[in-house]
There are 2 protein chains.
Amino acid sequence: MVRTALFSETDFIDAAMALVAEGGPNAATMQAIARRVGAPTGSIYHRFDSRAAVLGIAWNTAYASFVDALAPLLRRGRPCEAALAILPWSRENGHRARFLLLNEPVALFEDNPPPEPQRARLEELESGFDEAFQACVVACGDGTADEERVARAKFLIFDAPIAILRPHLSRGAPPPPYVERMITELHAGMPIAASPAHSFPMNRADR
Amino acid sequence: MVRTALFSETDFIDAAMALVAEGGPNAATMQAIARRVGAPTGSIYHRFDSRAAVLGIAWNTAYASFVDALAPLLRRGRPCEAALAILPWSRENGHRARFLLLNEPVALFEDNPPPEPQRARLEELESGFDEAFQACVVACGDGTADEERVARAKFLIFDAPIAILRPHLSRGAPPPPYVERMITELHAGMPIAASPAHSFPMNRADR
DNA sequence: TGCCAATTAGAATGCATGTTTTAGAACGTA
DNA sequence: TACGTTCTAAAACATGCATTCTAATTGGCA
């Protein structure tokens with residue numbers, strides 16, 4: 001190496017994440033990323049093969065951080081704690097959280113799927129996380145993990161907390177305290193293993 | 001009128017909805033819409049001002065149908081029934097449902113906001129629906145509609161059912177029966193008006 | 001000191017796509 | 001039957017963006 005680099009790889013990754021977090025996937029044009037860093041667009045291509053690679057690496061970075069925060073709790077069979085752990089994680093990971101939780105990978109990558117190394121890395125992360133998740137489902141039930149059980153767990157641990165969090169993430173505002181209350185109450189009222197009472201035909205009316 | 005039209009306005013609207021439902025927002029290019037209908041792209045511009053107008057009208061159409069299905073139940077103060085009504089509605093409105101429920105308007109319209117007439121129409125629909133929603137929140141509580149109450153109701157009536165439905169909408173498969181069970185149980189276990197037990201500091205542990 | 005690979009710098013290229021234009025066909029009416 | 005308006009048809013245009021190219025700069029090392 002003979003010339004000292006003015007910009008680092010993570011400069012570009014962070015800029016891409018911030019742009020997507022603030023303005024959606026197609027706000028992160030190569031020119032916008034470069035402009036945010038203060039570099040020419042050509043410099044991005046010295047470090048990354050393509051835009052898809054930049055976004056892929058950004059996604060894997062954010063996802064790995066998310067997995068680190070939740071997987072240990074899942075492995076210990078603590079669904080409610082895992083769901084609640086999303087709150088401090090997103091508080092401590094501003095742009096990362098908005099990038100990861102506000103965007104669906106399918107919308108981000110459908111037009112330009114990330115190249116092989118990133119694909120493989122993501123699959124690795126996902127299978128590791130799924131292992132932890134399955135362990136949690138089994139631990140919380142009678143040992144089985146049928147389709148309904150898995151769907152309930154996914155909802156309780158990921159989809160519901162994220163849905164509750166979404167309006168505040170969108171506004172870029174810190175989540176108010178009642179968010180924690182909602183998640184706690186949700187898990188208390190609707191366990192992963194359906195309570196026997198609800199296995200019978202509906203005998204209760206909300207009217 | 002002197003020449004009979006080969007294609008109708010709704011042909012193009014439906015094609016746009018189907019394309020977005022199947023492949024996300026940027027699958028609905030003007031050429032793709034035209035190709036699906038079997039018309040030249042120019043014909044679209046005879047009926048609509050722009051791509052934004054096409055998507056705007058499509059959105060308003062789907063949203064109006066959704067409002068028709070849910071608003072009456074909300075006005076009568078039936079949150080659980082309203083949440084459950086999303087299921088038959090989405091079953092009966094294949095492309096419409098996937099178009100409306102699988103896409104966030106912000107992602108669909110951020111780059112090209114729909115022109116004035118569609119904007120105004122949407123605002124009209126939204127304010128009417130919000131009125132019904134607020135009535136429901138008030139009816140289900142002690143007469144107040146504070147921020148937390150509203151957030152809980154939004155989650156219970158819209159976000160949670162849609163999150164539960166999402167995987168099946170994405171696959172294009174009919175939702176299995178346990179989806180109905182999950183929504184019913186969710187509303188039973190976590191009412192809009194927080195149960196007094198949960199107003200106290202957490203006294204229960206999930207561990 | 002002078003060389004050279006790594007890096008910056010920014011213009012050039014090519015492609016996808018929304019929109020416009022121009023030409024021609026259809027059909028009710030006079 | 002000829003006209004005028006509405007529509008089809010397809011090519012042309014404009015723009016934004018990812019990617020590539022060419023040149024200039026830097027600073028450790030022979």
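Keep in mind the model is a prediction, meaning the values are calculated, not measured. A note on names: the letters A, B, ... follow the listed sequences, proteins ahead of strands, and every chain is numbered from 1.
Residues satisfying the salt bridge (charged side-chain N to carboxylate O under 4.0 Å, His left out) criterion with Glu22(A), sequence neighbours excluded, are Arg36(A). Partners of Ala83(A) according to the side chain to side chain contact (heavy atoms under 4.5 Å, CB included) rule, which considers only residues two or more places apart in sequence or in another chain, are Pro161(A), Ile183(A), His187(A). Residues that satisfy the ring-ring contact (aromatic ring centres under 6.0 Å, His included) test with Phe158(A), not counting sequence neighbours, are Phe129(A), Phe133(A). Considering only residues two or more places apart in sequence or on other chains, Asp68(A) meets the side chain to side chain contact (heavy atoms under 4.5 Å, CB included) condition with none of them. For Pro88(B), the side chain to side chain contact (heavy atoms under 4.5 Å, CB included) partners two or more places apart in sequence, or in a different chain, are Arg91(B), Glu92(B). Take Ala160(A) and apply the side chain to side chain contact (heavy atoms under 4.5 Å, CB included) test, not counting sequence neighbours, and it matches Phe155(A), Leu186(A), Phe155(B).
Note: CG (Asp111(A)) to C1' (dT17(C)) measures 13 Å, nearest angstrom. Nucleotide dT13(C) holds its C1' atom 13 Å from the OH atom of Tyr45(A), rounded to whole Å. A straight line from CG of Leu55(A) to C1' of dA18(D) spans 12 Å, rounded to a whole angstrom. The CD-P distance, from Glu9(A) to dA6(C), rounds to 15 Å in whole Å. What separates CZ of Arg47(A) from C1' of dA6(C) is a distance of 10 Å, to the nearest Å. Put simply, CD1 on Ile44(A) is 17 Å from P on dC21(D), counting in whole angstrom units. Per the geometry, CG belonging to Asp49(A) stands 16 Å off P belonging to dA18(D), to the nearest Å. Atom CG in Leu6(A) sits about 19 Å away from atom P in dA24(D), given to the nearest Å.
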Would you please test Glu81(B) and Arg76(B) for salt bridge (Lys or Arg N to Asp or Glu O under 4.0 Å) and show each step? CA-CA 10 Å; Glu81(B) 287 174 39; Arg76(B) 272 184 270 151; 5.5 Å; no
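Residue pairs meeting the side-chain hydrogen bond (donor to acceptor under 3.5 Å, both in side chains) criterion with at least one member in residues 43-59 of chain A, sequence neighbours excluded, do not occur. Judged as a side-chain hydrogen bond (donor to acceptor under 3.5 Å, both in side chains), the pairs with a partner in residues 107-119 of chain B (not counting sequence neighbours) are, in order, Asn26(A)-Asp111(B). Applying the side-chain hydrogen bond (donor to acceptor under 3.5 Å, both in side chains) test to pairs two or more places apart or on separate chains, those with a residue in residues 124-138 of chain B are Arg121(B)-Glu124(B).
OP1 or OP2 of dG18(C) lies within a sub-4.0 Å distance of a side-chain N or O belonging to Arg51(B). Within the 4.0 Å cut-off from OP1 or OP2 of dT26(D), not a single side-chain nitrogen or oxygen of Thr4(A) is found. Considering only side-chain N and O atoms, Ser43(A) lies under 4.0 angstrom from the phosphate OP1 or OP2 of dT8(C).
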Anything under 3.5 Å between a protein N or O and an N or O of nucleotides 2-4 of chain C, put it in a table, one pair a line.
none

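Near DNA chain D, defined here as any heavy-atom distance below 4.0 Å, the residues from residues 20-36 of chain A are Thr29(A), Met30(A), Gln31(A), listed numerically.
Distance check, rounded to the nearest 0.5 Å: SG of Cys136(A) to CG of Leu156(A) gives 10.0 Å.
Each end of the helix from dT1(C)-dA30(D) to dA30(C)-dT1(D) gets its own axis from five base pairs, and the two axes differ in direction by 30°, given to 10 degrees.
Put simply, the side chain of Arg98(A) gets close to the backbone of Leu169(A): a donor and an acceptor are under 3.5 Å apart.
Judged by distance alone with a 3.5 Å cut-off, a donor-acceptor contact links the side chain of Arg3(A) to the base of dT7(C). In terms of polar N and O atoms assigned as donor or acceptor, the side chain of His46(B) never comes within less than 3.5 Å of the base of dT6(D) in a complementary pairing.
With distances taken from any side-chain atom of Ser50(A) to the nucleotides dT8(D), dT19(D), dT7(C), the minimum falls on dT19(D).
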